[in-house]
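Working notes for the structure below.
Side chains are part of it too, since the values below use all heavy atoms of this structure and drop only hydrogens, waters and symmetry mates.
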Amino acid sequence: MVRIEIWVDSTDPPTGRVGDHGEPVLFCGWIDLLAVLSNIVDTTGDEHGDLGARTQPEFGEDV
């Protein structure tokens, strides 16, 4: 399970910080927010690096 916190400082454009357990990462704009979230989710996996967040369990591989 991954817990991601998003602190929004303003809404036009969206700016703020995103944190998962480490130091919060700043973002400015929707694309920047999505990039930060993608980096956090992409690095999530089990202790062996198998079946991370981008993996489809029914296929048994990263797709």
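The salt bridge (Lys or Arg N to Asp or Glu O under 4.0 Å) search around Asp32 returns none, not counting sequence neighbours. Looking at residues two or more places apart in sequence or on another chain, you find no side-chain hydrogen bond (donor to acceptor under 3.5 Å, both in side chains) involving Thr11. Qualifying side chain to side chain contact (heavy atoms under 4.5 Å, CB included) partners for Leu37, counting only residues two or more places apart in sequence or in other chains: Ile4, Ile6, Val18, Leu33.
Cluster membership check: Trp30 shares its hydrophobic cluster with Val36, using side-chain heavy-atom separations under 4.5 Å among Ile, Leu, Val, Met, Phe, Trp and Tyr. Linking ILVMFWY side-chain heavy atoms closer than 4.5 Å, directly or via other members, places Val8 and Ile40 in a single hydrophobic cluster.
Residues Phe27 and Pro14 meet the side-chain proximity criterion, which asks for heavy atoms closer than 4.5 Å.
Of the inter-residue distances, the one linking Asp9 atom CG with Cys28 atom SG reads 10.5 Å to the nearest 0.5 angstrom.
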